[in-house]
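Step one of this worksheet: look at the structure below.
Side-chain atoms are counted along with the backbone in the values below, which use heavy atoms only and exclude waters and symmetry mates. Sequence lines set the chain letters: A, B, ... in the order given, protein chains first and strands last, and positions in each chain run from 1. Note that the structure is a prediction, hence the values are computed from the model and not measured.
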Amino acid sequence: MNKIGETINKRKKLKHNIRLMNEESRVNRELDLDIPEGLYDKCPSCGKLTNMKLNIENDYICKSCGYHFRMRAIDRIKYILDEDSFVEKGIGYITLNPLYIEGYEAKINKYKKETSLDEAYIYGFGQIYGEPCIIGVMDSHFMMGSMGSVVGEKVAKTFEYAIYKKLPVIIFTASGGARMQEGIFSLMQMAKTSAAVAKHSSLGYLYVSVLTDPTTGGVTASFASLGDIIIAEPNALIGFAGPRVIEQTINQKLPEGFQRSEFLMEKGFIDQVINRKDLKKTLHQILHMHRRTI
Amino acid sequence: MNKIGETINKRKKLKHNIRLMNEESRVNRELDLDIPEGLYDKCPSCGKLTNMKLNIENDYICKSCGYHFRMRAIDRIKYILDEDSFVEKGIGYITLNPLYIEGYEAKINKYKKETSLDEAYIYGFGQIYGEPCIIGVMDSHFMMGSMGSVVGEKVAKTFEYAIYKKLPVIIFTASGGARMQEGIFSLMQMAKTSAAVAKHSSLGYLYVSVLTDPTTGGVTASFASLGDIIIAEPNALIGFAGPRVIEQTINQKLPEGFQRSEFLMEKGFIDQVINRKDLKKTLHQILHMHRRTI
Amino acid sequence: MNILDKERKLLVLEKNISDLGDTESVSKLVEEVEKFKKNEMTKLSSWDKVLLARHPKRPKSRDFIDYFSKDFIEFHGDRLFGDDKSIIGGIGSIDGIVFTIIAQQKGSTVEENIKRNFGMPHPEGYRKALRLMKQAEKFNRPILTLIDTPGAYPGLGAEERGQGFAIAENLKEMSRLTVPVIAVVIGEGGSGGALALGFANEVLMLENAIYSILSPEGYASIVWKDSTKAPLAAEQMKITAADLKDFDIIDEIIQEPFGGAHFNPELTFEKTKKCIMDTYYHLNGLARTELQYQRNAKVRNFGFLQRFNYDNLKEVRK
Amino acid sequence: MNILDKERKLLVLEKNISDLGDTESVSKLVEEVEKFKKNEMTKLSSWDKVLLARHPKRPKSRDFIDYFSKDFIEFHGDRLFGDDKSIIGGIGSIDGIVFTIIAQQKGSTVEENIKRNFGMPHPEGYRKALRLMKQAEKFNRPILTLIDTPGAYPGLGAEERGQGFAIAENLKEMSRLTVPVIAVVIGEGGSGGALALGFANEVLMLENAIYSILSPEGYASIVWKDSTKAPLAAEQMKITAADLKDFDIIDEIIQEPFGGAHFNPELTFEKTKKCIMDTYYHLNGLARTELQYQRNAKVRNFGFLQRFNYDNLKEVRK
Ligand SMILES: [Zn+2]
Ligand SMILES: [Zn+2]
């Protein structure tokens, strides 16, 4: 987790407009976060010390170098969806410890506290300039956005809910891959989520996958890669194997820009690399142009 | 046309066992061809003078170097099908001259005489070790096996007849490409034949494409490439653009083996390169293993 | 004097007039220009049309798309190997109808031409096109293709990655589509490389576009071993919109303005758009299976041949 | 002492016996060997199974295929980019039923291992597999996959050509198949690279095979920064057939002969074949849509989690 993640974690009082309510939820989570005025942090890309508040006002993009900071799921939802339009679904899942790994529960609890999330993924209904969709967002600040049973289950539920609602799906991915601590169960989430995409797709519904930094491992090798339309944020790390594993395997340094959004677009895997500032507009346009089929 | 083609042309008395008859045909074509004992010809590959009769007895393969001589359509049929099993279909097409190219009719007539064929392609019903199929064979000795309206029509008919008979199709390709002299009509045969393959395929029938030397141009870019299973004879030239065109474009010599069967298998486009001696056995096996679906 | 020479002469004449300003000789010159326009620049040989189809100033696919659709979103890549920039694909709405648009794109400048590989696609271009056609099929979206290519690229990489296989696959899958497919030949329709986007329900063609099995130069050098005889070849090969309409290979000719599309691009775009939308509404009445049937039935009839009838009845199919 | 040490000791013991010939001390030694076999070589730790699963002498996919099917025909290539030799595909009849067989293939020799890339596929391998699965779907032919890979290859070319995209595509399309799919983990089932052939109606697993999200070495080096703790990792990760059967992730365990599959390959093949055919006949009763439904329903239930119920009723799904 980078510095900015930790920093954003500390916001506690900032007013937010996201309703995290749905008919089945009696759980109300504390999501008021704030950043103190005058807090400075180092940009991971250009290294400049910058005022966080200013960066956030600049759409979470570094004013100096254009670096796209890793966004928290709740910030993403707030940023992309129309005000007050989000209705969270699939609340209440509890991560278990199938392999009895020492300290796994404690780790999960620590992340829960830090992020005010149940797990590394949230989803629900939302609107983008009035266009309805089912939106899912991974959060790399929750255990590197790794996919365990709960994340896999919620992703599958996302598509099932979209089928029920006859709506398109938009998912923002951000993941270090499968969650090691849940062993084979994590692996099987790849099949489960891919099957959910297939079912939604077979019924003729749209799925837009938005890859953000980083999207690797089992998530890349399942639902992240299966969008009808695949968009990436600039310079996001996207790959199946991690860069370090590849370097160890081939015993040499990776070339500049390898496994980055622009590289993957050149290689034919990304429809468009889109600056965060244009993202909402583009997603709205795509939803709008697919409205006939909903 | 290579020497062996001309030589084989001269065979006039050799008994053959192919029935070129079908219920609609009152046309009986002279197919008795012979090679005089003791005729020698130069192998295009190793350059050795060899006794043609011996080569023919050796499955049309050069005894010295294993070169697969280009086979005439009627020899191929005789070689691959069970004795007396062939029933030709689609007889009686007449090649026209839509662009009024001077000398085109005369050229066609010359090839007709030389090859005893109507056009560069024949098809019909046949059996391979008892397994029924619809078989089509191109003949590169007829105007380089180029595809004009008649060839395209007959290929389409091949698949339509196979649908009617609920049988698999095997086609041996050998073509220099589209027939220039028929202009845009030739080009359209690519779409026509591909559509015929699609229809046969959509109904669940098997199509085996056997690529022989040479298979290039419009034939490669249509039905030749669309087999469920694609087999090639060793060292056959297979490509879309001709080697000379490529050399002119890139302004350098092509590497050894480029566009040859083995190269294409390495590149993922050919299921197997099969020696002519094993071809009948393999085709039988494939037909047999697909019998349930017929 | 071919059309390019005539075009140059016209520009000189018009320049002379404007140099003169408002004098008495102007009216005489204007008259001369009008005569030249009427008598010389409207008589186009096949070769003239080849020259116009390849005219550097002729509007390119992207120009058409930008005029047709204000909200075009480009989709890149074949999801397999690369993003071929000689083929543009994406979705855009034309008069309120969302189309999947797939087009061969030549460059307007040297740099763009290099980037676009002079409009000559590699297999990954055709595979991108196929991916987007299947996407259109999924969303029941009509497909518009714009054809403008000298042909599929004849290079090492293209052959290694299965140029012929990619084109064949497109033809096979296009025969299976159940959405309206409208193709417009806007410039050069070169060989199988053009047909791979041209297996459509209706094929429209600009007046001065060409569509042929190989280039006139290629034809001339094969037949006469002399590529300078290309003008003769162009005549013989029957490659103009008028020829192909006679053959029933194409369905509609879109008139170009005086002097060719580049003399008035806007008018060309507008006429093309109108023709596309008329065609769309014509096809839109058909059910999905009918659309597939119509497209295949049309292609099934292409061919110029005769079959010998044993009762001496001759049947000619064109 | 791990299983490989024990195996070596057993060979020494047996050699001693045969060196002695027919003497009195033989019977004592034989007794000792039997005791060793019974007491030592049947108690296998998870790490022992990892060693057996990777045993150089362990039979490879091709050995299984050759035993199962006398008429196996291999089909090469993905029709897009290349022919990946770490995946073998083709058709062959087993007890009279024609299967599409797709298998990861490690080498038995150094040369073969290099050719087969140690059983680690590139995207073109997965795309070949997908092509053949779609072919099986067309011909309504059951699919048998044999899984034996350390994982998908993590290299430059593999990433450039979309390793993750290829695996994801396979998973998506396998969920759509309507023919029986039977997967057998015969050796190493490494990560997503294994799962890409493993989304099946029934998953069988050899007794000493392993199936895991990453290698024990990888796990150990991430968790304890010490890859020599792999044996401990193997225990903790629950990667043996018995563990996975407990989790209901796999359906059947195929018993291996004493000492592992390589002690009696024929017997291993025969048992595996029997289990495959039993499974096939079990699945064969299902209609095509039922086969698809069953495969997806199974995967849908994979996961170990709990959902908070607001009426204080807890529901556990495993
Ligand atoms: Zn910065
Ligand atoms: Zn020879």
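You'll find the side chain of Y219(D) reaches within 4.5 Å of the side chain of M180(A), heavy atoms only. Within the 4.5 Å cutoff, no side-chain heavy atoms of K199(A) are placed close to those of N296(D). Within the 4.5 Å cutoff, side-chain heavy atoms of R300(D) are placed close to those of E160(A). In this structure, the side chains of I184(A) and F304(D) stay at 4.5 Å or more apart for every pair of heavy atoms.
Heavy-atom distances place the side chain of I250(A), and not its backbone, under 4.5 Å from chain D. Neither the backbone nor the side chain of F223(A) comes within contact range of chain D; no heavy atoms are under 4.5 Å apart. For S201(A), the parts lying under 4.5 angstrom from a heavy atom of chain D are both the backbone and the side chain. Of the two parts of Y100(A), neither the backbone nor the side chain holds a non-hydrogen atom closer than 4.5 Å to a non-hydrogen atom of chain D. Residue T95(A) does not touch chain D at all, counting heavy-atom pairs closer than 4.5 Å.
The NZ atom of K172(D) lies 12.5 Å from the OG atom of S222(A); values are rounded to the nearest 0.5 Å. To the nearest 0.5 Å, atom CD of residue Q236(D) and atom CD of residue Q181(A) are 9.5 Å apart. Distance check: R176(D) CZ to S202(A) OG gives 3.5 Å after rounding to the nearest 0.5 Å. Note: L226(A) CG to L171(D) CG = 8.0 Å, rounded to the nearest 0.5 Å. Annotation: the span from I213(D) atom CD1 to L99(A) atom CG amounts to 9.5 Å, rounded to 0.5 Å. A distance of 7.5 Å separates OG in S194(A) from CZ in F199(D), rounded to the nearest 0.5 Å.
Within residues 179-196 of chain D, the residues having any heavy atom less than 4.5 Å from a heavy atom of chain A are, in residue-number order, S191(D), G192(D), L195(D). Contacts with chain A (heavy atom to heavy atom, under 4.5 Å) involve these residues of residues 153-167 of chain D, listed by number: Y153(D), P154(D), G155(D), L156(D), E159(D), E160(D), R161(D), G162(D), Q163(D), G164(D), F165(D), I167(D).
Around the NZ atom of K112(A), the shell of radius 6.0 Å holds more than 12 heavy atoms that belong to other residues, nucleotides or ligands. Within a 6.0 Å radius of CD in Q252(A), other residues, nucleotides and ligands contribute more than 12 heavy atoms.
A salt bridge is defined here as a Lys NZ or Arg NE, NH1 or NH2 lying under 4.0 Å from an Asp or Glu carboxylate O, and K238(D) with E182(A) fails to meet this definition.
F302(D) and Q189(A) get closest at one heavy-atom pair: O-NE2, 3.3 Å.
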Please determine whether ring-ring contact (aromatic ring centres under 6.0 Å, His included) holds for the pair F185(A) and F247(D), giving the CA-CA distance in whole Å, both sets of side-chain angles, and the decisive distance to 0.1 Å.
CA-CA 9 Å; F185(A) 292 105; F247(D) 284 154; 4.6 Å; yes
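Most heavy-atom pairs under 4.5 Å with chain D: of the set G242(A), S225(A), G218(A), this distinction falls to S225(A).
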